[in-house]
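Heads up: the structure comes next, in structure tokens.
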There are 2 protein chains.
Amino acid sequence: MPAEHQALTPGQRMPEHVATRLERLILDGVFRPGQLLPSERRLCDRLGVSRASLREGLRILRSKGIIDTRQGHGSTVATLLPVGSQSPLMHLFKDHPRTLFDLLEVRALLEGESARLAASRGTSVDRVLITRRYREMADYAESADTIDVERLARLDHAFHLAVSQASHNPVLVHTLQSLTDLLLSSVFASVKHLYHLPAPRAMINQQHAQLHEAVISGEAEQAEQVALEHLTSITQLLRDLEEEHERLERSSMRLEEWL
Amino acid sequence: MPAEHQALTPGQRMPEHVATRLERLILDGVFRPGQLLPSERRLCDRLGVSRASLREGLRILRSKGIIDTRQGHGSTVATLLPVGSQSPLMHLFKDHPRTLFDLLEVRALLEGESARLAASRGTSVDRVLITRRYREMADYAESADTIDVERLARLDHAFHLAVSQASHNPVLVHTLQSLTDLLLSSVFASVKHLYHLPAPRAMINQQHAQLHEAVISGEAEQAEQVALEHLTSITQLLRDLEEEHERLERSSMRLEEWL
DNA sequence: GACTAATTACTGGTCAGACCAATGCACCAC
DNA sequence: GTGGTGCATTGGTCTGACCAGTAATTAGTC
């Protein structure tokens, strides 16, 4: 592959230029969080710079916390923890279940927008990735037998992530990501319960299918609608679960025993 | 002058080691703020490392804002010591204007929902607070004369915050807050410009009045609509501003040439 | 066949030396 | 003095080599 020269931004040295270009590639979703970047030597060829400059460029990204480098392994795009993930408030949310539904409310909003944009802006590459994630999830879910709930949750998450990434709005992706992480960290046990019960699982599966269909066929409004319903359903299921949980709690069982 | 080998800190690579040693020298007062460091080649001899590693070390210090380097001149110890680290996300979004509009897109969504919920859920106490913030802002804005833009921006922010708090969704409030901080940190200068131009200010004032009215009177749909329009307007204004900014940049000298 | 150890083909980390480009000072002509 | 001019010095970049971890593959062993 030939060197791909791109006009230098005036006033920018080579390393800064390299860093900027790589950042752009990350923002464009070419390199995604968690993904391994090409090797330094490959990037040199690709960007048409020496390894010294390339390495200084990577050093910039490392300083910013954007990539993470390990000798003998490579550089991976850091999993961005956006929007004050370490703020005291977030910790507060974590320990207080009553914020759970507030969280779901915001998440529904973002998830709906995400689905809408994915349907309207998604490229063919995005659609391929979304479908792939969907199939992995659906196949596993239908394989019946004894399913590993944790694994299913991961596949579920990957599917939704793929959809959000197709929105091509990195801010939206990262915000949604952080809210989802927050959600799972607080009620992962409950979510697991949802998968165990047959009725909720069937509903979730059906909604996933609808969401997939709407996004792939580019029906923006439909996609948003389905996503909203999906979150509404989950919220309702969690509400029911909580109710039941409280009933149990009243009979002297403690929350912690379920986590 | 002979090479001065010093025991490597375990787990630290050469560049980090170099950066650490130089930082220590600066803290010890060997190199003082404003002072010119020895040349790279001299530092290489002195520290017993290659220029590549030395340069990566300097790159670290530069990223932290500890030194300032000019070609053909040298590296000087910065007079302003680092102001405080920022999140990786901030770094990534800062230099990329295109993420600005992604950010605004998400913010519009949240701001709309926030206004809607404020109108439908807001209590009488919320309404009193919102009105108070609104009056403080509006009074100051109408006092004409020479207004302190920064103060107006604070009042503006306080008003929007009061509205979002009336949504009674702490997650929404916090997420919105984070995004707003992020926004202001990257384009505060531009936002200031908006307040300076008479036409945008008039439009913003009018939209604030409408938003206040809708929220107070409990017209949820109307409130959401106004909030969305508000953000859309601001986005458009920033787009125009950016365009003009680029035009100026193209037709004149770059800032760096004046430094 | 299954498990373990050596091999090997990567990866990033560091080094040396060369040349380019901007800076700034000393020198010189006017 | 004033304004060029040249040159030594600075940072910026490139090349190619070698060192040092990593991980997958292979060979060897039980």
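Note that the structure is predicted; figures quoted are calculated from it, not measured.
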Per A:Arg51 side chain, nearest of listed nucleotides C:dA18, D:dC14, C:dG12: C:dG12
B:Arg107 (side chain) donor-acceptor with B:Thr180 (main chain) under 3.5 angstrom: no
Distance, rounded to the nearest Å, where B:Glu40 contributes CD and C:dA16 contributes C1': 15 Å
Presence of salt bridge, A:Arg32 and A:Asp126, under 4.0 angstrom: yes
Sequence-distant partners of A:His160, ring-ring contact (aromatic ring centres under 6.0 Å, His included), two or more places apart: A:His208, A:His230
B:Arg70 side-chain N/O to C:dG24 phosphate OP1/OP2 under 4.0 Å: yes
Below 4.0 Å: OP1/OP2 of D:dC14 and any side-chain N or O of A:Ser53: yes
Of B:Ala52 and A:Leu58, the one whose closest DNA chain C nucleotide lies more 5': A:Leu58
Separation of D:dG12 P from A:Arg59 CZ (nearest whole Å): 16 Å
Side-chain N,O (A:Thr69) to OP1/OP2 (C:dG12) below 4.0 Å: no
Value in whole Å for how far the C1' atom of C:dG24 lies from CG of B:Leu36: 12 Å
Under 3.5 Å, which protein N or O atoms sit close to an N or O of nucleotides 19-21 of chain D? Give each pair with its distance.
| residue | atom | partner | partner atom | Å |
| --- | --- | --- | --- | --- |
| D:dA20 | N3 | A:Gln71 | OE1 | 3.3 |

Electrostatic pair B:Arg59:A:Glu16 at N-O distance under 4.0 angstrom: yes
For atom CE of A:Met14 and atom C1' of D:dG12, their distance in whole Å: 11 Å
Side-chain donor or acceptor of B:Thr175 paired with backbone N/O of B:Leu172 under 3.5 Å: no
Note: B:Glu23-B:Lys64 ion pair, threshold 4.0 Å (strictly below): yes
